[in-house]
2 protein chains.
Amino acid sequence: MSRKYDWRTGCDVEATLCVLGGRWKPVLLFHLLDGPKRFGELCRLTPNATQRMITLQLRELEEDGVIIRTVYPEVPPHVDYRLSEFGQTLEPLLLSMRSWGEDFKRRQSGLQSEIPELSRETG
Amino acid sequence: MSRKYDWRTGCDVEATLCVLGGRWKPVLLFHLLDGPKRFGELCRLTPNATQRMITLQLRELEEDGVIIRTVYPEVPPHVDYRLSEFGQTLEPLLLSMRSWGEDFKRRQSGLQSEIPELSRETG
DNA sequence: CTGGATCCCAAGGGATACTG
DNA sequence: CAGTATCCCTTGGGATCCAG
């Protein structure tokens, strides 16, 4: 459980943030929606996060029972992460986040071409 | 725009976190779903956050065009916050967060009564 | 009533190097 | 491959006081 939020006294949204309220948690969980992923895959899928942060966030998600970490006793090491049954209940929420993000990106791209001051930043 | 996430290079979920990725942002926005609220109301509705944090988060949401701050030139001061048209597109997502939080709270309460080690914490 | 200003500590989080 | 460990800077965020 994230120690930052109190699901007892807060509103329902705050309760959700107990679990989802980490820097990279929604992103990692989203990537796990389409099946188990290895550590390296998650790193490649989340290039803006450092390896260290990915590790830490995965640990917390595991503690909270949202994901399951499986170690295969092989050489070289093989570990994968998958959503627990509990974690899968987050799917509608995560898809909703993706959906809004899609629209948001379109909006931002639109704004960029409309506002010279912003698009000039790249030129 | 929150400087912590990069909506350009990140996945769609990460784009959403550009806007929603603040400590209290989802909670504040959720409370604004049922109409404009004054500063004091938001403070009372979000007792786990300090006045300072509420101010800061509201400022960022305003910068991002998600909410609109209206100052009524009265004495004593009267300010209210409401969702912009853009901000209202977050409604499904916020409702989804509330819904999941409800279930989560029920689950936690259930676990507490089932696991002596946890419920003993309050005794 | 609605904040702003300041102080200050804890936590977040990046870079890098190392390891079974 | 899948992490740990360490260093160190930045940000978050609480407490408190001040103000129009």
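Here is the naming used below: chain letters follow the sequence lines, and residue numbers restart at 1 for every chain.
Here the P atom of nucleotide C:dA11 and the CD atom of A:Gln57 are 16 Å apart, to the nearest Å. Protein atom CG of A:Leu17 is 16 Å distant from nucleotide atom P of D:dG12, rounded to whole Å. The separation between B:Arg59 atom CZ and D:dG13 atom P is 17 Å, rounded to whole Å. Atom OH in A:Tyr72 sits roughly 13 Å away from atom P in D:dG3 (whole-Å rounding). The CG atom of B:Leu58 sits 15 Å away from the C1' atom of C:dC1 (whole-angstrom rounding). Across the protein-nucleic acid pair, A:Ile54 atom CD1 and D:dG3 atom P stand 11 Å apart, rounded to whole Å. Separating the CG atom of A:Leu56 from the P atom of D:dA2 is a distance of 17 Å, rounded to the nearest angstrom. Going from atom CD of B:Glu62 over to atom P of C:dT2 covers 15 Å, rounded to whole Å.
Overall, the helix from C:dC1-D:dG20 to C:dG20-D:dC1 carries an axis bend of 60° between its ends, with five pairs at each end and the value rounded to 10°.
Annotation: A:Glu85, atom CD; neighbour count of heavy atoms from other residues, nucleotides and ligands within 6.0 Å does not exceed 12.
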Give the B/S/- string for nucleotides 14-20 of chain C, one per nucleotide from 5' to 3', where a protein heavy atom under 4.0 Å of the base yields B, of only the sugar-phosphate yields S, and otherwise -. BB----B
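Note that the CZ atom of A:Arg69 and the CG atom of A:Leu61 stand 13.0 Å from one another [nearest 0.5 Å]. In this structure, CD1 in A:Ile54 is found 8.0 Å from CH2 in A:Trp24, a value given to the nearest 0.5 Å. The CG atom of B:Asp80 sits 13.0 Å away from atom CZ of B:Phe39, with the distance rounded to the nearest 0.5 Å.
Residue A:Asp64 comes nearest to A:Cys18 through the heavy atom pair OD2-O, 4.1 Å, listed as atom of the first residue, atom of the second, then distance.
A search for side-chain hydrogen bond (donor to acceptor under 3.5 Å, both in side chains) contacts involving B:Arg38 returns nothing, not counting sequence neighbours.
Listed nucleotides: D:dC1, D:dA2, C:dG3. Nearest to the side chain of A:Arg69: D:dA2.
Residue pairs satisfying the ring pair (Phe, Tyr, Trp, His ring centres under 6.0 Å) criterion with at least one member in residues 44-99 of chain A, sequence neighbours excluded, are listed as follows: A:Tyr72-A:His78, A:Phe86-B:Trp100.
Residue contacts for A:Tyr81: at a heavy-atom cut-off of 4.0 Å it reaches the sugar-phosphate backbone alone, with no base atom in range.
DNA chain D is contacted by A:Arg38, A:Phe39, A:Gly40 of residues 36-43 of chain A, taking any non-hydrogen atom closer than 4.0 Å.
At least one side-chain heavy atom of B:Val66 sits under 4.5 Å from a side-chain heavy atom of B:Leu29. Looking only at side-chain heavy atoms (C-beta outward), B:Tyr5 and B:Val19 stay at 4.5 Å or farther from each other.
Put simply, the residue from A:Glu102, A:His31, A:Lys105, A:Arg98 that forms a side chain to side chain contact (heavy atoms under 4.5 Å, CB included) with B:Cys11 is A:His31.
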With a cut-off of 3.5 Å and sequence neighbours excluded, list every side-chain donor-acceptor pair involving residues 44-51 of chain A.
unit_1, atom_1, unit_2, atom_2, d
A:Thr46, OG1, A:Leu42, O, 2.9
A:Asn48, OD1, B:Thr9, OG1, 3.3
A:Asn48, ND2, B:Thr9, OG1, 3.0
A:Asn48, ND2, B:Glu14, OE2, 2.8
A:Thr50, OG1, A:Met53, N, 3.2

